[in-house]
Amino acid sequence: MRMQGLKRHLFEIGLILGMVVLFTTLLLSLVGASPLEAFSHLFAGSLGSWAKFSRVLNVWIPLTLCSIGLLYAFRTGLWNIGVEGQVVMGAIGATAVLRLGLEASHPLFYLLAALLMGMAFAALWALFAGWLKVRGGVHEIFAGLGLNFVAMGFVLWVIFGPWKRDGIASMSGTQPFPLELWFPSLPGWRVSPFALGLTLAIILLTAWVLYRSRIGLNLDAVGRNPRAVRLFGLSPSRYMLLAIMVSGALAGLAGGLQVTGIYHRLIPSISSGYGYLGLLVVMLANFRLAPVPFIALFFAALNVGSIQLPMMMQLDSSLAGVIQGACVLSALLVFGLRTLRKRGPSDE
Amino acid sequence: MQVEFQQIHKQFGPVQALCGIDMRVESGTIHGLVGENGAGKSTLMKILTGYLTKTGGRILLDGVEVDCSDPQTAAAQGIGMLYQEPQDFPSLNVLDNFIVGRDSVAGLDRTAQRQRLGKLAERVHFSLHLSAVLEKLTIGERQQLEFLRLLGRDARVLILDEPTTGISDQQKALLFQALRQIRDEWRTIILVSHKLEEVEALCDRVTILRHGLVTGEAEAPFKVAELLSMMFDKPPSIERTEHDYQPGEEILRFSGVSANGERVGLSDCNVTINRGDIVGLAGLSGSGQGVFLRLAAGLLHARVGDLIFSGAALNRLGHREFREKGGVFLPSDRLHEGLIPGFTLRDHFALASGLSSAAAQQAAEQAIQRFHIRGTPETLAESLSGGNQQRLQLALIQANAQLVLLESPTRGLDVESGQKIWRYLRETFSGRGAIVFSSAELDEILAVANRVLVFFDGRVVRDLRADELDYEHIASAMTGK
């Protein structure tokens, strides 16, 4: 029985990848590029060396954090489309703390405080969307989308206003922080081992919370039937707010790590679209935790690998996005077919 | 038109729902189809209207075999069905609902259609405002429109599924009159019902189903005892309680409560419920009983007035505190309001009592034994039958419960299961506190309750004690007389 289930999963994954390869090959042939060459560049550009792979991990960390955050919101039936803005707010919160620590003697304290502040900022930002939903009846998709634009405006304002570089304000962001305020790394590593370990710990913690703990059961119940949950003496709105805050906090952590570990300053595109990409990851994972780290790794590899394409083949690097989108569409198709088959045609 | 079923079989997965039904319905008659829940009445009718495909057998109209494999073909043969829930468009008005679905150009001529609908309504003495929007109408009026729509399409075989659920007595009388009239126009009518008094009043002939088999046929005039013996494995004797009780101290009080909700809301309600009360809420469906129960449970808030439960004001308490103080509410829509689809029995116990997974497993196993739930701790709530879902809801009631609110607790259950549930509820809770329940079946209320509140149009119009309970009196109060 289990074996059959596993076989079916492998078959479905194979089917999805097959469809994606077929579609991408067709597309590349249409524009006259060699699909084989493109695939090999994608591969070599992401997994070809440790340096490249550590760059993939640098994308994997925020993408995984955003996706896991989304899982919490989806558990209660909420579409936290505002992850993008929450990443930005997390980055702003972290930058604010680091600026205070510029001359201080305990840089590590400020680094950790920056991450916590980023999480708090983003959690409050998410809570606002949740509060609009629960109290004001504003759909969380509209609230989240609206707040994304506000967050984008806010980050531009701080970069060009109060936190502008000495002399000129520029799209390249705020003044980079001194080396002491960079998350320490190992020689030859582009990725912070601390961030990597933290992300792995969050994956394990989430597995326990969502699938083993009482809170996880309650969140799940809220997502499946909020009306009935009230009769069990639980408040659906409280759990929705909790879930969206956790979702925001994880997005904020991603934003904080972007500032402290990757860019070492605040830039306008600090969120790098991970909020939206996370939605695709979670959908492709069919809203389950186990596949998320692997899909996020695959997507991160595509993102990093595709950087090669414009230089080597004069192809646009948005090919990564095309492949990711094709993955999700094929997966939705395969999942849809599975449900249809299970239900049978003659059902009432 | 004569309708004949020959050896109709229907299988749902491993379940044999119909095992060779033979039945003939003559032209110009009203033919009753009776049986308890799950006997196969609806399945047979859905096969005739093309909503379900049969696994075996033949359907003949006027002696010719026909294909009723989808709703369009069946409708083209002149088969029409009046469903329990109106199948209409609530946001459109009466005339639009009458016209909708007519695809010929002539069918879209509003003036002509208006006249046509007017004539049809006049013929059967219905009066409908053609420009009224459907969501403002009663279920009875919507049913009348649906009936006219079927007549307007020259339905020659008319199937009615429990047509008197939720409609007033006057509407019922009008409907019956109309049915007799169109029978005399040589149309064929099949009445699906479990209300024997309606069958007696209306039908010329009746077929009885039990467990997917025809167990008998009878001609009017019917002998009720005989019909009952063919419907049930043993004739149900309505268990009547001894109504000698002394009301104890106050548990719940409504004083001057008005609230919005459902269609009619609740206005100026003053009621006190005492320990030992088993209160039946009588009334046509949607007359305020649901609002009353949800207010008492802390799920709705009163616009004006005070609610006192167990010494504390309920207005400020939510359902959570209501539960903590020993209240419990079981809604009639078990799967949408009471249970969590996708959760197993064990999950429900973990959710209800905060038990660990292992302890919840044990609690679920014990409940399955004690309440005879057909399932395992791993069974999903939605794969339980209606009766088993209700037993699960009962099993989830917390141990300290002293006020049990139930909305149509035996809806959709057969008589046996209903009686078992009542036996359990009475034994467990009548000594400890009070039971308040609503029911669409007056028989059930009279059999179980020692006190009855009668609702009409959002008001409590009667508060009757044990010695004043009388069928005729309650029935007339329900219709506002």
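Protein chains get the first letters and strands the later ones, always in sequence-line order, with residue 1 at the start of each.
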Please classify the contact between B/Leu335 and chain A as side chain, backbone, both or neither, with a heavy-atom cut-off of under 4.5 Å.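 Just its backbone gets close to chain A.
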With chain A, which of [options] has the greatest number of heavy-atom pairs at distances under 4.5 Å?
options: B/Ala350, B/Pro331, B/Ser356; value: B/Ala350
options: B/Gly298, B/Gly338, B/Ser353; value: B/Gly338
options: B/Leu351, B/Ile340, B/Asp347, B/Leu330; value: B/Leu351
options: B/Ala352, B/Ala297, B/Pro341; value: B/Pro341

For A/Arg230, is it the side chain, the backbone, both or neither that has a heavy atom under 4.5 Å from a heavy atom of chain B?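 Contact with chain B is through both the backbone and side chain of A/Arg230.
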Specify whether [X] and [Y] have parallel, tilted or perpendicular ring planes, treating 30° as the upper limit for parallel and 60° as the lower limit for perpendicular.
X: A/Phe128; Y: A/Trp131; result: parallel
X: A/Phe74; Y: A/Phe287; result: perpendicular
X: B/Phe429; Y: B/Tyr424; result: perpendicular

Compute whether any side-chain donor of one residue and acceptor of the other, for B/Gln366 and B/Gln362, lie under 3.5 angstrom apart.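 Looking only at side-chain atoms, B/Gln362 and B/Gln366 do not form any donor-acceptor pair under 3.5 Å.
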Side chain A/Asn148, main chain A/Gly85, donor-acceptor under 3.5 Å: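 Indeed, once roles are kept as given, a pair shorter than 3.5 Å links the two residues.
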